[in-house]
Structures are given as structure tokens and as C-alpha cells.
There are 2 protein chains.
Amino acid sequence: MNKEEKAKYETRVKVLKALAHPARLKLIDVLAEEDEVCVCDLTDAIGTDMSTVSRHLTQLKNAGIVESEKHGQMVFYRLKVKCLTGLFGCIESVVEGHIKSQLKVLS
Amino acid sequence: MNKEEKAKYETRVKVLKALAHPARLKLIDVLAEEDEVCVCDLTDAIGTDMSTVSRHLTQLKNAGIVESEKHGQMVFYRLKVKCLTGLFGCIESVVEGHIKSQLKVLS
DNA sequence: CCTATATTTGGCTAAAGTTGCAAATAAGCA
DNA sequence: TGCTTATTTGCAACTTTAGCCAAATATAGG
């Protein structure tokens with residue numbers, strides 16, 4: 001792998017890593033439904049410390065998946081990417097295909 | 001998050017984590033082009049120890065992304081999932097959108 | 001049977017990621 | 001100004017992941 005090729009994969013990895021955590025997937029789901037949500041409400045949805053949720057949101061933001069805006073003392077987060085539904089569709093198909101083939105092995 | 005919901009995200013995470021590594025993305029690219037490849041040839045493409053490549057392939061297999069078949073002393077790996085092109089298309093759009101908005105901030 | 005080759009696994013170390021608590025920062029309100 | 005609330009950041013402990021080397025396993029071929 002040359003430098004250019006490596007860089008191509010690194011950028012993809014950055015996004016994939018940002019997605020690869022249950023709490024962050026949940027955050028994305030909530031944001032997909034509710035449009036604009038503050039950190040405190042997202043904290044309720046996730047159920048961990050607010051500082052942890054804040055860090056998760058920072059990761060999603062750094063990856064370009066969400067964006068934020070400050071109104072008063074609150075920070076509102078918004079989903080920036082629209083194609084994630086299709087992406088998760090593909091991932092679900094991976095999961096289902098895998099389960100099926102495991103059943104086949106067992107039978 | 002209840003148990004069921006958590007499980008849903010965990011299964012997605014399993015696939016995303018399997019994808020979230022430069023070497024494994026490269027492996028997927030090679031397999032997408034070449035159909036059936038042995039570990040030794042994939043090792044050349046990646047440039048790390050064969051044992052490391054083998055572990056990467058195991059991860060992809062456990063996630064349901066590739067499958068393998070043994071012929072003689074060699075093990076051939078094959079891509080199992082067809083929708084990854086669209087998935088990466090989405091990821092590229094995340095990356096591009098993010099770069100654009102960063103340029104906007106700078107200007 | 002013995003040897004060479006392909007692949008996987010065990011053991012180890014280094015690096016990266018996760019989380020909670022406490023402290024810092026920022027903004028509204030009395 | 002002083003107090004309260006929302007959010008982020010520093011720090012430390014812990015878990016996970018990646019990578020190499022060496023050893024184990026499996027198979028082909030003499």
C-alpha cells in the first residue's frame with residue numbers, strides 16, 4: 001500500500017470508527033428522528049455520564065457526521081449526513097446473511 | 001436503552017468494527033476485484049505479517065463479510081457481501097461534506 | 001514417514017479507546 | 001456580582017485492539 005492508498009483508507013476508517021459504538025449509533029438514531037437535540041436530552045437517551053455523551057458527540061462531529069450550534073447555554077446537535085439509512089440497510093443485510101449461514105452450518 | 005435495543009446496536013457495531021481498519025478495507029477491495037484469493041497473496045497486498053492478515057480475515061469472517069474455503073493446504077477467501085460499494089459511497093460523502101464545511105470555516 | 005509450505009493460534013507488548021469524577025468554561029438569571 | 005445550569009476538558013483506571021515472533025496444525029509431495 002502506497003501513501004495515497006493508505007490515506008484513502010484512513011479517511012474511511014475515521015468515519016467507520018466514529019460509527020462503531022452502540023452509544024453513538026443510538027445518538028444517530030435519536031438525531032435522525034428529532035432533528036435538533038441538546039446534550040442533556042441525548043444524555044437521557046443514552047444513560048451514561050453527560051461528559052461521556054459529550055465526548056461521543058465530539059467524535060461524531062470530528063468525523064463529519066453531525067454538526068452543532070449553540071443557543072444560549074445549550075448546544076444543539078443535528079445530523080449532517082442523510083445516507084446513513086442505506087448504510088445501515090447494508091449492515092443489516094450483512095448481519096442477516098451471517099446468521100442464516102450460521103444456521104446452515106448448525107443444521 | 002433496553003436489552004433488545006442494545007443488542008440491535010451491538011450487532012451493527014460488530015460489522016462496523018470489522019470494517020474500521022485500513023488493512024481490512026484493503027482486503028475487502030482486493031477481494032472485490034479478484035473474487036477468490038489465498039491468504040499468502042493477501043499478505044503481499046497488505047504488507048504485514050501473515051499471522052496478522054490471518055487475524056484480520058478471521059475478524060471479517062466473524063462479522064459475516066467474507067467466507068472461506070480450503071483447497072489443499074491453502075485457504076481461499078471470498079467477499080460475501082455485495083452492498084459495500086454503496087456503503088463506501090455514503091462514507092465518502094461524509095468525508096467530502098466534512099472537508100467542504102471545514103474549508104467554509106477557514107474562509 | 002519425513003519434509004516443506006500454508007495457515008492459524010498463543011503469548012507478549014505497545015497503542016488506542018472508554019468512562020466516571022472532578023474541575024474548568026460559558027451563559028442565563030436574580 | 002454571585003449563583004445556577006449546560007457543556008466540555010483533564011486525569012486516571014480499565015478494556016480492547018494490533019502486531020510480531022514462535023509454536024502448533026494441516027496438507028501435499030517425495
Side-chain angles (χ1 to χ4, degrees), chain A residues 1 5-6 9-28 30-31 34 36-79 105, chain B residues 1 6 9-28 30-31 34 36-63 65-79 105:
Chain A
M1 282 202 284
E5 199 181 11
K6 204 168 179 179
Y9 291 123
E10 296 284 3
T11 50
R12 287 185 183 180
V13 164
K14 200 173 149 193
V15 177
L16 287 164
K17 275 193 179 177
L19 293 172
H21 191 288
R24 294 195 288 272
L25 290 182
K26 171 72 177 175
L27 286 171
I28 289 170
V30 174
L31 290 173
E34 310 239 0
E36 253 206 352
V37 195
C38 65
V39 180
C40 52
D41 286 347
L42 291 167
T43 300
D44 295 340
I46 301 299
T48 56
D49 199 272
M50 183 184 272
S51 67
T52 301
V53 175
S54 175
R55 275 185 232 269
H56 283 314
L57 288 165
T58 303
Q59 282 186 67
L60 290 173
K61 194 175 169 182
N62 287 336
I65 297 166
V66 306
E67 55 193 356
S68 67
E69 202 169 339
K70 192 162 192 174
H71 294 306
Q73 34 182 178
M74 287 150 106
V75 177
F76 290 89
Y77 281 85
R78 204 178 19 246
L79 202 56
V105 168
Chain B
M1 280 203 284
K6 205 168 177 178
Y9 291 122
E10 297 284 2
T11 49
R12 287 186 184 179
V13 164
K14 200 173 149 194
V15 177
L16 288 165
K17 274 193 177 174
L19 294 172
H21 190 287
R24 293 194 290 271
L25 290 182
K26 171 70 177 177
L27 288 171
I28 289 170
V30 174
L31 291 173
E34 310 240 358
E36 251 205 355
V37 194
C38 66
V39 180
C40 52
D41 286 348
L42 291 167
T43 300
D44 295 340
I46 301 299
T48 56
D49 199 273
M50 183 183 271
S51 67
T52 302
V53 174
S54 176
R55 274 186 231 268
H56 282 313
L57 288 166
T58 302
Q59 280 186 69
L60 290 173
K61 193 175 170 182
N62 286 338
I65 298 166
V66 305
E67 55 192 357
S68 67
E69 201 169 340
K70 190 163 192 173
H71 294 306
Q73 36 183 178
M74 289 150 103
V75 177
F76 290 90
Y77 281 85
R78 203 175 23 243
L79 202 57
V105 168

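Predicted model, so just to flag it, every value in this text is computed and none were measured. Labels below follow one simple rule: chain letters A, B, ... track the order of the sequence lines, proteins then strands, and each chain is numbered from 1.
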Rounded off to whole Å, could you give me the [atom1]-to-[atom2] distance for the [X] and [N] pair?
X      : N       : atom1 : atom2 : answer
E10(B) : dT16(D) : CD    : C1'   : 14 Å
H21(A) : dT15(D) : NE2   : C1'   : 11 Å
I46(A) : dT18(C) : CD1   : P     : 13 Å
N62(B) : dT17(D) : CG    : P     : 12 Å
E69(A) : dA27(C) : CD    : C1'   : 16 Å
K17(B) : dA18(D) : NZ    : P     : 9 Å
Q59(B) : dA18(D) : CD    : C1'   : 9 Å

Once base and sugar-phosphate atoms are separated, protein heavy atoms under 4.0 Å mark nucleotides 2-11 of chain D, 5' to 3', with B, S and - as ---BSBBBBB
Problem - Presence of H56(A) side-chain N/O under 4.0 Å of dG17(C) phosphate oxygens OP1/OP2 - result: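 Checking H56(A) against dG17(C): no side-chain N or O falls below 4.0 Å of OP1 or OP2.
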What is the minimum heavy-atom distance between [X] and [Y], and which atoms define it?
X      : Y      : result
K26(A) : A45(A) : CE-O, 3.8 Å
A18(B) : I65(B) : CB-CD1, 3.9 Å
L27(B) : V53(B) : CD2-CG1, 4.3 Å

- Message: Under a 4.0 Å threshold between the charged nitrogen and the carboxylate oxygen, would E67(B) count as salt-bridged to K61(B)?
- Response: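 Here K61(B) does not pair with E67(B) in a salt bridge, since their nearest N and O are not under 4.0 Å apart.
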- Message: In the structure I gave you, are the side-chain heavy atoms of Y77(B) and E36(B) within less than 4.5 Å of one another anywhere?
- Response: no
